[in-house]
Q: 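Would you mind keeping the following structure in view while I ask a few things?
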Amino acid sequence: MMNPKARAWKEINLDSLAHNAHFLQGRLVPGCDLMAVVKANAYGHGAVPVSKRLEGEGVNAFAVACLEEGIVLRQAGVEGMILVLGFTPPEEAPLLVRWRLTQTVVDEAHGRTLNDAGVPLQVHLALDTGMHRLGIPTEETESLSRLYRMKNLKISGIFSHLCVSDSLTQEDRYYIKNQLERFYCAVDWLRVNGYNPGKIHIQASGGILNLPPQLCSYARAGIALYGAAGNMEDGLRPVLYLRARVACVRTLATGEGAGYNLAFRAERETRLAVLTIGYADGLPRSLTENGGRVLIQGQFCSMVGRMCMDQLFVDVTGLPSVHSGDIATLIGRDGSLELRVEELAQQCGTIPNELLSRLGTRLSQIIC
């Protein structure tokens with residue numbers, strides 16, 4: 001339900017989220033489960049309501065970026081396995097135990113300090129198969145052996161990340177193939193040498209949508225879960241709508257300017273609507289300069305001038321009935337037309353992941 005007092009807000013459609021989860025699970029082999037990536041407040045969608053709904057849909061594994069995000073989920077009553085994907089200092093190891101969180105070992109040195117913390121920890125080992133971000137290089141088998149011999153590390157999983165899985169070029173396909181081979185060779189080496197790799201996982205959103213199903217325990221769904229995976233898959237539904245209000249409408253004579261530095265100049269008599277949203281709400285400031293648009297009364301209206309911290313201008317000359325209090329849609333559907341987050345991201349030279357995760361905390365959130 002819409003909050004009649006909200007100046008700008010996000011609408012989160014949990015039914016669309018559930019649809020996406022089942023759609024993605026249907027692309028996996030039997031025995032491979034969806035791991036929902038809910039880091040960065042579930043990419044701006046609300047980590048707690050998203051995780052609670054997904055648990056109700058049968059998802060029992062979640063991934064967060066840091067210890068604090070995992071604690072928030074536990075405090076909210078999320079019961080499934082929670083994997084911390086990023087670095088946690090060894091001084092905070094007792095909190096990992098207290099909140100039943102599974103920690104990623106980002107390299108051998110990290111594993112050693114976690115082990116020296118003196119508390120038994122559930123961990124997954126990250127393997128570096130070619131992204132060169134986090135992980136133990138797959139060829140460093142002695143490092144893997146040493147980690148398995150550390151008494152306080154209870155290794156329950158192994159994973160890696162495919163860095164070009166959202167690309168369909170022949171060169172990137174070859175790189176993916178090489179990463180997969182390195183990953184499975186490392187898993188096989190562990191098994192042959194008597195080490196249990198536990199739960200294995202390497203697919204993220206791009207890998208789920210673009211690769212054949214992998215014989216893994218988990219597949220980590222992030223941006224695809226929220227229906228913002230670009231043109232990779234038509235079966236996903238956007239989960240987040242972003243809306244604001246018309247604060248007032250101004251009529252400018254030909255030649256008059258508006259906004260900071262009078263960046264907009266009216267070339268004809270122009271009606272400008274001032275919307276109650278700006279860059280402090282997480283919108284890129286460049287959006288108004290790169291073809292940004294909104295939907296008002298089911299029609300596209302162009303952003304003009306320079307975005308302010310709390311407001312922006314749109315040209316509503318073609319919509320004479322627009323007035324204060326009307327609703328503008330920046331992401332989502334209004335009538336028969338839709339603005340997708342992929343369009344906004346492209347206009348700003350970024351990706352949906354960044355744009356969604358930066359939507360500001362002062363935006364109201366409405367669960368639909």
Q: Within the supplied structure, the quantity of interest is the number of heavy atoms (other residues, nucleotides, ligands) at a distance under 6.0 Å from Lys154 NZ; does it exceed 12?
A: yes
Q: Do Glu108 and Ser143 get their side chains close enough for a donor-acceptor pair, meaning under 3.5 Å?
A: yes
Q: Quick check: does any side chain N or O of Glu55 sit under 3.5 Å from a backbone N or O of Gly80, one acting as donor and the other as acceptor?
A: yes
Q: Determine whether more than 12 heavy atoms belonging to other residues, nucleotides or ligands lie under 6.0 Å from atom CD of Gln75.
A: yes
Q: Would you please say whether a donor-acceptor pair under 3.5 Å links the side chains of Asn20 and Arg237?
A: no
Q: Find the distance between CG (Leu319) and SG (Cys301) and round it off to the nearest 0.5 Å.
A: 4.5 Å
Q: Consider only side-chain N and O atoms of Asp128 and His132, and report whether a donor and an acceptor are under 3.5 Å apart.
A: yes
Q: Does Glu338, at its CD atom, have more than 12 non-hydrogen atoms belonging to other residues, nucleotides or ligands within less than 6.0 Å?
A: yes
Q: Would you check if there is a donor-acceptor pair between the side chains of Asp116 and Thr113 at a distance under 3.5 Å?
A: no
Q: Ion pair present between Arg358 and Asp281, side-chain N to carboxylate O less than 4.0 angstrom?
A: no
Q: With side-chain hydrogen bond (donor to acceptor under 3.5 Å, both in side chains) as the criterion, how do Thr102 and Gln122 come out once you've worked through the C-alpha distance, each side chain's angles and the decisive distance to 0.1 Å?
A: CA-CA 5 Å; Thr102 301; Gln122 289 291 326; 5.3 Å; no
Q: Using 0.5 Å steps for rounding, measure from the CG atom of Leu34 to the CG atom of Leu28.
A: 6.0 Å
Q: Do Arg293 and Phe300 meet the cation-pi criteria used here (NZ or CZ under 6.0 Å from the six-membered ring centre, within 45° of the axis)?
A: yes
Q: Between Lys52 (side chain) and Ala76 (backbone), is there a donor-acceptor pair under 3.5 Å?
A: yes
Q: Please say whether more than 12 non-hydrogen atoms of neighbouring residues, nucleotides or ligands are located less than 6.0 Å from CD in Gln346.
A: no
Q: In Å, rounded to the nearest 0.5 Å, how long is the span from CG of Leu363 to CG of Leu242?
A: 6.0 Å
Q: Evaluate the side-chain hydrogen bond (donor to acceptor under 3.5 Å, both in side chains) criterion for residues Tyr218 and Gln203: first the C-alpha distance (whole Å), next the side-chain angles of each, then the deciding distance (0.1 Å), finally the verdict.
A: CA-CA 8 Å; Tyr218 292 124; Gln203 289 172 285; over 6 Å; no
Q: In Å and rounded to the nearest 0.5 Å, what is the OG to CZ distance from Ser160 to Arg133?
A: 9.5 Å
Q: Is it true that the side chains of Glu267 and Thr254 contain a donor and an acceptor less than 3.5 Å apart?
A: no
Q: Using only atom types and a distance under 3.5 Å, with no angle test, would you say the side chain of Arg74 pairs donor to acceptor with the backbone of Val78?
A: yes
Q: Report the residue from Ile82, Val64, Leu85 that forms a side chain to side chain contact (heavy atoms under 4.5 Å, CB included) with Glu69.
A: Val64
Q: For His323, does its backbone N or O pair with a side-chain atom of Asp326 as donor and acceptor, under 3.5 Å?
A: yes
Q: Check Arg243 with Glu11, please: is the shortest side-chain N to carboxylate O separation under 4.0 Å?
A: yes
Q: State plainly whether the residues Arg182 and Glu139 are in salt-bridge range, i.e. N to O under 4.0 Å.
A: yes
Q: Please tell me whether Thr317 and Arg268 have a donor and an acceptor in their side chains that are separated by less than 3.5 angstrom.
A: yes
Q: Working to the nearest 0.5 angstrom, can you tell me the gap between Leu134 CG and Asp107 CG?
A: 8.0 Å
Q: Nearest 0.5 Å, what's the CG-NE2 distance between Leu125 and His110?
A: 11.5 Å
Q: Anything under 30° is parallel, anything over 60° is perpendicular, the rest tilted; go ahead and classify His124 against Phe159.
A: tilted
Q: Which atoms form the tightest heavy-atom contact between Ile176 and Val164, and what is the distance?
A: CD1-O, 3.5 Å
